[in-house]
Amino acid sequence: MTIHEPRTSRGRLAGRFLWHYAEMVVAMLLGMLLLGLLWDAVLPEITRTDVSTLVMAADMTIGMAVWMRVRRHGWPGIAEMSLAMFAPFLILLVPYWLGVLPGHLLMSIGHVLMFVLMALAMLRRRSEYTHPLPRLRVRPKWAWRAGVVLIALLVPGVVSAVNTIGKFGDLYTAPAAAAGTAPVSKTGSHDPAKPTVALLTSGSGTNVADLLGPYEVLAGTGLINVYTVSSGAQLVPLTGGLDLVPDLTFDELGRLLSERRDTLDAVMIPALHEPGPAELGSITGWLRRQSAAGALVMSVCNGARTFAASGLLDGRTATSHWLRLSGLRADFGKVGWVSGRRYVDDGNVITTAGVLSGVEGGLRLIERLIGTDAAREAAGRVHWRHYVPGGSTRIPENSLEPGDAVVALNASYQPGPSAIGVQVGDGVGEIELASAFISYTEQAMVGRTVAVGDGPVRSRNGLTFVPRSTLAAAADDLDRLLVPGLEAARRHSLGTGPSAATGGLRPEYLHTGTEFAFDPVLRDIARTYDVRTAQWTAKTLEYPVFDIELTGSAWPWPATAIPVVLALLAGGAAVAAGIVFRRLRTA
């Protein structure tokens, strides 16, 4: 009798083929993710598109090859699949180097061709990819050990996620209750003989230092009409729990300039926190109209993303924060992004590097609109000691280093005083405000700040802010009470500052001397938390601290110990639970 082997249906063969393809895609993506994290930790930032493309292709190929070997494929098949994945990017680099293919299309087309060639390579060896996959045999002992390790890592991971979201998930959430507050009008003092500068804000959130640093530099001269503007009447949340009432809407600014027969000389774009499609469209359209009318346009830090989205940077040279440049290069390939420059002045567009580079950008704008002498005086007024007249200076081309892990430790496990009230009062300097609200939160990630005060506050140069709570109402929930501003310290010396009896908190006056406002804040972070965190804060602010003495613990040791203890406790609990379970089964 003849015995026939059962024939496998075409549907099942196709299913095996597709399942194998899906497995390889997952392995490829995991290789790109895990190896990418490794290279980010140990290598300097890769700024060239061609190099980053080849590294990414290699990461994906390695992940795929490792999994194919686990699935017991032969070396010829692995080599063939590796070539199918890598070849598209090698081929496309030729037109990229010739200037025919932009960087963003290099990535997009390369991925499409890679997936197609992977499928063709599998069809060429279809019998290899339609046979039943060998089972992965894992010994129970190793599965148990892996489970214990997973639980030991899962617990500190969950704590990290909860703490990070709890501390920093609402950096830009504005309370609706204060939305009706009106700004103090500045339009009556508008002088058409002076240059006029508008600083953009977004209802979804605006970086406090990107905005207030240049604002004080410009407004403090008394020689420029300076307004904060928004696409509509709205309260603008700034980084870390401070809310601003913009001076004017786009339409109100347009009517003011028309009535005074004036024009807008410059627009400054700080980093905006993910404006929605409608607001972003309104902002970019307005930017294009102002540029077409002759206004100089400047971005600060990641404000370059909004600037690039308008199309006004296409074909131009630009810069931004060192942490943002790789993403900007990937998303806006028509812009010539450069690093290591405090700012790039490219005619009617100027872009600055990160955060406090906006101070230097404001000084450059004063040079362009008024003159070098006025810029030098403005630098002295805010105690910015790094001003170099007439041109951009070189700055370090920063990248992530192993020691920068402090920011993840702080965000996840920092046990120090983390609920920080910031008492705001009339006459406070704008840079003084920025130093208190951005440094502890978005930069150091050691705590969460909130503005407290007794009603709307007017700053030194006429901006209107709305505290989120009164000091009496918030005191029980706070670990610290910081009071920014030389004016507040002066009032305290006269006996009119916040009382130490309020909720039992001792007011800590940040600014007691004539120095740049961020210097005492960095010293406080080093002293209260640790020196490495203060250095990371300065690094992300792009602010040199070689002449500032930082004293304190060298490293956030408590924040480092907490995940280790959590992992040991979780692992120990898992082992104990396993022992109890086995004894119950054998009882």
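All of these numbers come straight from a predicted model, not from anything done at the bench. Reckoned from all heavy atoms, side chains included, excluding hydrogens, waters and symmetry mates.
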Asker: Heavy atoms, side chains only, cut-off 4.5 Å: are Val335 and Leu328 in contact?
Answerer: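 When only atoms from C-beta onward are counted, Leu328 and Val335 do not touch, as no gap falls below 4.5 Å.
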
Asker: Return each pair, listed once, that meets salt bridge (charged side-chain N to carboxylate O under 4.0 Å, His left out) where at least one residue sits in residues 81-91; pairs must be two or more places apart or across chains.
Answerer: none

Asker: Does the side-chain hydrogen bond (donor to acceptor under 3.5 Å, both in side chains) test come out yes or no for Ser204 and Glu274, once each step is laid out?
Answerer: CA-CA 7 Å; Ser204 64; Glu274 300 177 359; over 6 Å; no

Asker: Is there a side-chain contact between Met81 and Met122, using heavy atoms and a 4.5 Å cut-off?
Answerer: yes

Asker: Please answer whether the main-chain N or O of Arg341 pairs with a side-chain N or O of Arg394 as donor and acceptor at a distance below 3.5 Å.
Answerer: no

Asker: Restricting to salt bridge (charged side-chain N to carboxylate O under 4.0 Å, His left out), what partner residues turn up for Asp59, sequence neighbours left out?
Answerer: none

Asker: Run the side chain to side chain contact (heavy atoms under 4.5 Å, CB included) test on Thr306 and Ser299 for me, step by step, so that the C-alpha distance in whole Å, both residues' side-chain angles and the decisive distance to 0.1 Å come before the verdict.
Answerer: CA-CA 8 Å; Thr306 304; Ser299 66; over 6 Å; no

Asker: Within the structure provided, determine whether Tyr543 and Asp519 are in side-chain contact (heavy-atom separation under 4.5 Å).
Answerer: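 Side-chain contact under 4.5 Å: yes.
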
Asker: Can you run down the side chain to side chain donor-acceptor pair (under 3.5 Å) pairs that involve residues 78-89, sequence neighbours left out, and say none if there aren't any?
Answerer: Glu80-Arg124, Glu80-Arg125

Asker: When you measure from the side chain of Thr319 to the backbone N and O of Val338, does any donor-acceptor pair fall under 3.5 Å?
Answerer: yes

Asker: Only counting residues at least two apart or in another chain, list the ones meeting ring pair (Phe, Tyr, Trp, His ring centres under 6.0 Å) with Phe518.
Answerer: Phe516

Asker: To the nearest 0.5 Å, how far apart are CH2 in Trp536 and CD in Gln443?
Answerer: 8.5 Å

Asker: Measuring from atom CG of Asp210 to atom CG of Leu212, what distance do you get when rounded to the nearest 0.5 angstrom?
Answerer: 9.5 Å

Asker: In sequence, state the C-alpha distance, the side-chain angles, and the governing distance for Val208 and Leu433, and then conclude on side chain to side chain contact (heavy atoms under 4.5 Å, CB included).
Answerer: CA-CA 8 Å; Val208 64; Leu433 271 178; 5.7 Å; no

Asker: Is the shortest heavy-atom distance from the side chain of Phe437 to the side chain of Val422 under 4.5 Å?
Answerer: yes

Asker: Going by ring pair (Phe, Tyr, Trp, His ring centres under 6.0 Å), name the residues that satisfy it together with Tyr172, two or more places apart in sequence or in a different chain.
Answerer: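 Counting only residues at least two positions away or on another chain, Tyr172 forms a ring pair (Phe, Tyr, Trp, His ring centres under 6.0 Å) with His273.
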
Asker: Can you give me the closest heavy-atom contact between Ile78 and Ala65, atom names plus distance?
Answerer: CG2-CB, 3.8 Å

Asker: So, using ring pair (Phe, Tyr, Trp, His ring centres under 6.0 Å) as the criterion, who are the partners of Tyr413 when residues are at least two apart?
Answerer: none

Asker: Side chains of residues 548-556: which donor-acceptor partners sit under 3.5 Å, not counting sequence neighbours?
Answerer:
from   : atom 1 : to     : atom 2 : distance (Å)
Ser553 : OG     : Trp555 : O      : 3.0
Trp555 : NE1    : Thr560 : OG1    : 2.8

Asker: For Val158, check side chain to side chain contact (heavy atoms under 4.5 Å, CB included) against everything at least two apart and list the hits.
Answerer: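 Leu154, Val162.
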
Asker: Between Thr352 and Gly358, what is the shortest heavy-atom contact and its length?
Answerer: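 Smallest interatomic distance, heavy atoms only, reads OG1-N, 4.0 Å.
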
Asker: How close do Ala411 and Thr164 get, counting heavy atoms only, and between which atoms?
Answerer: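 Residues Ala411 and Thr164, closest heavy atoms: O-OG1, 3.4 Å.
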
Asker: Return the minimal non-hydrogen interatomic distance between Trp67 and Ala27, and the atom names on each side.
Answerer: CB-CB, 3.5 Å

Asker: So, the side chain of Asn398 versus the backbone of Trp322: is there a donor-acceptor pair under 3.5 Å, distance only?
Answerer: no

Asker: Test of understanding: with side chain to side chain contact (heavy atoms under 4.5 Å, CB included), list the residues that count as partners of Ile151, not counting sequence neighbours.
Answerer: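 Listed in chain order: Ala570, Ala574.
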
Asker: Could you give the distance from CZ (Arg468) to CG (Asp243), rounded to the nearest 0.5 Å?
Answerer: 4.0 Å

Asker: Roughly how far, to the nearest 0.5 Å, is CE of Met68 from CE of Met24?
Answerer: 4.5 Å

Asker: Could you give all pairs that pass the salt bridge (charged side-chain N to carboxylate O under 4.0 Å, His left out) test and reach residues 525-543, with sequence neighbours left out?
Answerer: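 Every pair satisfying salt bridge (charged side-chain N to carboxylate O under 4.0 Å, His left out) with a residue in residues 525-543: Glu401-Arg532, Glu401-Lys539, Asp404-Arg532, Asp404-Lys539, Asp524-Arg527.
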
Asker: How long is the straight-line distance from CE of Met114 back to CZ of Phe89, given to the nearest 0.5 Å?
Answerer: 5.0 Å

Asker: Do Val407 and Met445 come within less than 4.5 Å of each other through their side chains, counting heavy atoms only?
Answerer: yes

Asker: Report yes or no: does His511 contribute a side-chain atom to a donor-acceptor pair with the main-chain N or O of Ala517 at less than 3.5 Å?
Answerer: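 Yes.
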
Asker: Is there side-chain contact between Ile562 and Leu409, with heavy atoms separated by less than 4.5 Å?
Answerer: no

Asker: On a heavy-atom basis, which atom in Val236 and which in Ser202 lie closest, and how many Å separate them?
Answerer: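 Nearest heavy atoms, Val236 then Ser202: CG1-O, 3.3 Å.
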
Asker: Sequence neighbours left out, what passes side chain to side chain contact (heavy atoms under 4.5 Å, CB included) with Leu113? Give chain and number order.
Answerer: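 By the side chain to side chain contact (heavy atoms under 4.5 Å, CB included) rule, Leu113 matches Pro88, Leu92, Ile109.
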
Asker: According to the interplanar angle, ranging from 0 to 90°, do the rings of Phe115 and Tyr21 count as parallel (below 30°), tilted (30 to 60°) or perpendicular (above 60°)?
Answerer: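 Plane angle between 30° and 60°, so tilted.
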
Asker: Is there a donor-acceptor pair closer than 3.5 Å between any side-chain N or O of His111 and the backbone N or O of Met107?
Answerer: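 Yes, His111 side chain to Met107 backbone: donor-acceptor pair under 3.5 Å.
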
Asker: Once you round to the nearest 0.5 Å, how far does CG of Leu123 lie from CE of Met118?
Answerer: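 If I round to the nearest 0.5 Å, the distance is 12.0 Å.
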
Asker: For residues Arg480 and Leu505, determine if any side-chain heavy atom of one lies less than 4.5 Å from a side-chain heavy atom of the other.
Answerer: no

Asker: Are the side chain of Thr540 and the backbone N or O of Thr537 linked by a donor-acceptor pair below 3.5 Å?
Answerer: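 Answer holds: yes.
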
Asker: Is there a side chain to side chain contact (heavy atoms under 4.5 Å, CB included) between Thr533 and Asn410 once you walk through the steps?
Answerer: CA-CA 8 Å; Thr533 294; Asn410 288 331; 2.8 Å; yes

Asker: Applying side chain to side chain contact (heavy atoms under 4.5 Å, CB included), run through Asn207 and Val300 and close with a yes or a no.
Answerer: CA-CA 10 Å; Asn207 185 284; Val300 177; over 6 Å; no

Asker: Is there a side-chain contact between Leu482 and Tyr509, using heavy atoms and a 4.5 Å cut-off?
Answerer: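 Side-chain contact under 4.5 Å: no.
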
Asker: Checking Thr470 side chain against Gly453 main chain: does a donor-acceptor pair fall under 3.5 Å?
Answerer: no

Asker: Is there a donor-acceptor contact under 3.5 Å from the side chain of Ser435 to the main chain of Glu432?
Answerer: yes

Asker: Among pairs that include at least one residue of residues 551-562, which meet salt bridge (charged side-chain N to carboxylate O under 4.0 Å, His left out), considering only residues two or more places apart or in two chains?
Answerer: none

Asker: What's the shortest heavy-atom distance between Pro237 and Leu235, and which atoms?
Answerer: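 It is CD-O, 3.5 Å.
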
